[in-house]
There are 2 protein chains.
Amino acid sequence: MESAEQLQQPARSRRVTAAMVAARAGVSTATVSLVANGKTAGRVSEDNISRVRAAITELGYVVDGIGSSLAKGVSSIVILVAPDISNPFFAKVIAGVRESLGADYQLLLSVTDAGEFPQADDVRKLMALRPAGLLVDAPNAGFLEELSAAGPLVLLDAPGLEAYAPSVNLDVAHGARQLAAHLAEAGHRRVAYLDSVTGTATFDVRRRAFLAEADTRGISVPADGIISTTIDVGAAAAAFAAAWPEWQRSGVTAVVCGTDTHAYGVLQEARVAGLQIPGQLAIAGFDDLPYSATSNPSLTSVHLPATSLGVQAGGQLRRLMEGRPLEQPQLTLESSLVVRNSTRPTPWK
Amino acid sequence: MESAEQLQQPARSRRVTAAMVAARAGVSTATVSLVANGKTAGRVSEDNISRVRAAITELGYVVDGIGSSLAKGVSSIVILVAPDISNPFFAKVIAGVRESLGADYQLLLSVTDAGEFPQADDVRKLMALRPAGLLVDAPNAGFLEELSAAGPLVLLDAPGLEAYAPSVNLDVAHGARQLAAHLAEAGHRRVAYLDSVTGTATFDVRRRAFLAEADTRGISVPADGIISTTIDVGAAAAAFAAAWPEWQRSGVTAVVCGTDTHAYGVLQEARVAGLQIPGQLAIAGFDDLPYSATSNPSLTSVHLPATSLGVQAGGQLRRLMEGRPLEQPQLTLESSLVVRNSTRPTPWK
DNA sequence: CTGAAAGCGCTTACAG
DNA sequence: CTGAAAGCGCTTACAG
């Protein structure tokens with residue numbers, strides 16, 4: 001049978017099929033399938049099990065994912081849809097997802113450029129891969145409407161969208177309020193806000209929670225005090241440079257940024273402008289990226305548990321894919337303010 | 001036929017198949033396939049083309065990726081294998097790959113934890129997805145041996161491994177030499193090197209090129225002057241803290257890091273130790289991440305064109321997958337030193 | 001416990 | 001230009 005195999009597989013694609021394993025082990029492909037998938041309990045004799053296992057090893061057989069998926073109606077692919085992976089925050093989320101998903105599922109990353117979300121058409125193409133499950137990070141409602149997903153779906157960082165699917169959220173509002181309180185205590189009365197342009201819910205929550213608390217504490221925002229850019233150091237720097245003269249005139253003494261990445265841009269530009277930080281201008285962000293501890297000055301930021309976000313979301317999805325119930329469909333992870341030199345009222349060395 | 005469809009698809013999975021489209025358009029599934037794949041030239045009448053197109057639109061038909069892949073023998077998935085995505089450098093590479101790959105291919109990210117490379121077993125599982133092509137970033141030779149890849153393959157950042165496959169490389173050696181020259185001119189005579197632990201070729205090239213040029217220029221390295229950690233700010237910080245006392249005794253005045261991420265850790269720890277930078281210790285890295293411009297002090301780094309790396313690699317792979325020849329199987333992109341305050345000999349404000 | 005057979009959805013020679 | 005049919009590799013009732 002070896003020679004027959006070689007005759008049929010002339011040049012390259014020496015793909016080992018279940019039929020070859022079956023022939024070698026002297027069983028049917030049905031038995032090979034059962035063994036390869038570990039569904040032998042009470043269905044395959046010990047004898048055949050070891051015979052098939054031996055053949056699998058000798059031939060180096062691996063179940064073909066495509067054939068398997070077609071027969072089963074679903075693949076082992078998990079698709080992670082995200083608006084922006086250039087944010088280092090996201091790398092941690094991915095690592096967390098992979099960790100909890102394990103080796104049984106392949107993680108497929110779907111990213112679009114410049115923080116845009118995929119359109120209906122893209123979604124259809126993704127669904128054509130028959131994913132075992134879907135993870136959607138920081139979605140907007142419109143996207144979820146299009147995605148009338150059949151199949152397991154878990155949302156990440158999607159505050160206010162709990163109605164669409166099980167989700168894992170971050171209580172960014174808590175950190176945002178802490179930040180407002182902190183700035184108020186430091187004596188700030190006039191602040192500006194540099195938002196992320198993606199328009200995803202989490203950024204709205206951050207901004208609103210901050211502004212609401214700020215208002216309560218006697219901090220106001222000038223008319224043109226809220227602007228937004230993509231999550232990009234350069235874009236943020238440029239936007240700040242353009243806005244600063246007017247902000248300064250309005251008496252702004254602190255800028256809060258939707259992400260640390262935005263804050264780095266502001267930091268950069270503020271230093272170029274010769275501003276004393278936080279003396280003349282205090283700066284803070286969200287995410288608490290690793291670089292925030294080493295920036296100049298170190299950056300005050302609302303810490304968000306990225307890895308944990310990925311782990312929890314992956315875990316929930318896994319349960320869903322395995323048909324297990326979710327004890328708790330809605331999870332919320334804590335956030336909290338990390339105060340560093342960029343807002344610290346006391347003189348820093 | 002609407003009702004028949006509904007009868008056959010009772011509850012959820014309302015998957016629209018080619019057969020449904022065929023029935024609606026009054027043609028065979030073969031014709032539907034031809035139209036859906038744009039292979040109509042001289043094979044389908046205008047009449048049937050428009051009839052099928054209409055049916056496709058009305059039904060919202062999307063070619064099933066699994067069925068299609070099985071019939072064709074290959075999927076539309078491109079797998080990107082990489083040892084570490086937590087490095088922000090990598091996010092740019094991914095963006096570049098996506099840009100040049102276009103919408104016809106799905107990018108599947110294969111990442112392993114802690115900078116480890118996938119084993120033979122993982123590779124087999126990946127190949128079971130029948131990828132249209134493979135992109136391997138910063139591989140080591142052992143991995144490529146296992147990966148006796150049939151099918152299109154392009155390597156990224158794999159110096160010295162050009163024999164295995166077409167590749168896109170960065171001339172990191174050039175930047176490394178510039179860095180050595182720069183430090184020599186600044187008066188350094190004794191340096192240490194904090195390497196990345198992944199042991200991929202690019203890091204060897206960086207280190208060797210730097211050390212060779214440094215040697216030429218009269219810079220020496222103490223016996224225990226070369227250490228390595230994972231690409232992680234915290235790990236680098238800890239390693240530096242442990243090594244510094246001995247280094248200091250050996251007269252080390254500069255630390256070169258395999259990546260900027262390592263350098264951030266050193267920066268952090270050096271500041272905690274109260275060291276004057278670059279007065280008492282100069283620090284430099286590789287990658288030129290966006291944060292290097294805003295760190296304290298700003299970080300001297302060898303700039304590497306990440307996005308371009310991804311774009312070029314994606315482009316080469318695309319050509320391969322489409323059966324087109326590669327005019328130039330080996331591409332090399334430039335690197336160059338960006339001097340900032342962490343090594344700048346003149347007093348900085 | 002075992003295998004023959006149908007079927008997953010599509011593509012591609014092939015015959016007309 | 002068109003369609004019937006085989007086949008991609010696997011899984012799963014089903015009959016034994």
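Naming: A, B, ... by sequence-line order, numbering from 1 per chain.
For Asn37(B), counting side-chain heavy atoms from C-beta on, the closest listed nucleotide (dG9(D), dT11(C), dC1(C)) is dT11(C). For Ala71(B), counting side-chain heavy atoms from C-beta on, the closest listed nucleotide (dT2(D), dG9(C), dC8(C)) is dG9(C). Side-chain atoms of Val63(B) lie closest to dT11(C) of the nucleotides dT12(C), dA4(C), dT11(C). Of the candidates dT2(C), dC10(C), dT12(D), the closest approach to any side-chain atom of Tyr61(B) belongs to dC10(C). Side-chain atoms of Ser45(A) lie closest to dT2(C) of the nucleotides dT2(C), dG9(D), dC1(D). Comparing dT12(C), dC10(D), dT2(D) against the side chain of Lys72(B) picks out dT12(C) as the nearest. Distance from the side chain of Leu34(A) is smallest for dT12(D) among the nucleotides dC8(D), dT12(D), dC10(C).
Protein atom CE of Met127(B) is 16 Å distant from nucleotide atom C1' of dG9(D), rounded to whole Å. At whole-Å resolution of the value, CD in Glu46(B) and P in dC1(D) are 9 Å apart. The CZ-C1' distance, from Arg130(B) to dC10(D), rounds to 10 Å in whole Å. The separation between Ile66(B) atom CD1 and dT11(D) atom P is 13 Å, rounded to whole Å. Rounded to whole angstrom, the span from the CG atom of Leu129(B) across to the P atom of dC10(D) amounts to 13 Å. Distance Arg43(A) CZ to dG16(D) C1': 16 Å, rounded to the nearest Å. When the C1' atom of dG9(C) is taken as reference, atom CE of Met20(B) falls 11 Å away, rounded to whole Å.
Residue Ser28(A) places at least one side-chain N or O closer than 4.0 Å to OP1 or OP2 of dG3(C). Proximity of Ser69(B) to the phosphate of dC10(C): no side-chain N or O atom is located under 4.0 Å from OP1 or OP2. Taking 4.0 angstrom as the limit, Lys39(A) places a side-chain polar atom (N or O) nearer than this to OP1 or OP2 of dT12(D). Taking only side-chain nitrogens and oxygens, Thr17(A) never comes nearer than 4.0 Å to OP1 or OP2 of dG9(D). Checking the phosphate oxygens (OP1, OP2) of dT12(C), no side-chain nitrogen or oxygen of Ser33(B) falls inside 4.0 Å.
Stem regions for DNA chain D, each three or more consecutive Watson-Crick or G-U pairs with both distances under 3.5 Å and listed by first number, read C:1-3 with D:14-16, C:5-12 with D:5-12, C:14-16 with D:1-3.
A heavy-atom distance below 4.5 Å is not found between the side chains of Tyr105(B) and Ile77(B). Within the 4.5 Å cutoff, the side chain of Leu161(A) has no heavy atoms near those of the Pro159(A) side chain. The side-chain heavy atoms of Val168(A) and Gln330(A), taken from C-beta on, include no pair separated by under 4.5 Å. A 4.5 Å side-chain heavy-atom check between Val78(B) and Met321(B) finds at least one atom pair inside the cut-off. Annotation: side chain of Arg319(B) is in contact with side chain of Glu327(B) (closest heavy-atom distance under 4.5 Å).
Using a 4.0 Å heavy-atom cutoff across all strands shown, Val32(A) reaches no nucleic acid atom at all. Counting any heavy atom pair closer than 4.0 Å across all strands shown, Ala18(A) reaches sugar-phosphate atoms only and no base atom.
Side-chain atoms of Thr202(B) and Asp157(B) form a donor-acceptor pair, as typed in the model, at a separation below 3.5 Å.
Of the listed residues (Leu155(A), Val311(A), Leu331(A), Leu153(A)), just one forms a side-chain contact (heavy atoms from CB on, under 4.5 Å) with Gln316(A), and that residue is Leu331(A).
A residue-by-residue look at Thr40(A) and Ala30(A) shows that Thr40(A) has its nearest nucleotide of DNA chain C further toward the 5' end. The nearest heavy atom of DNA chain D to Thr29(B) and to Leu70(B) marks one nucleotide each, and the one closer to the 5' end goes with Thr29(B).
Between Leu107(B) atom CG and Ser110(A) atom OG the span is 9.5 Å, to the nearest 0.5 Å.
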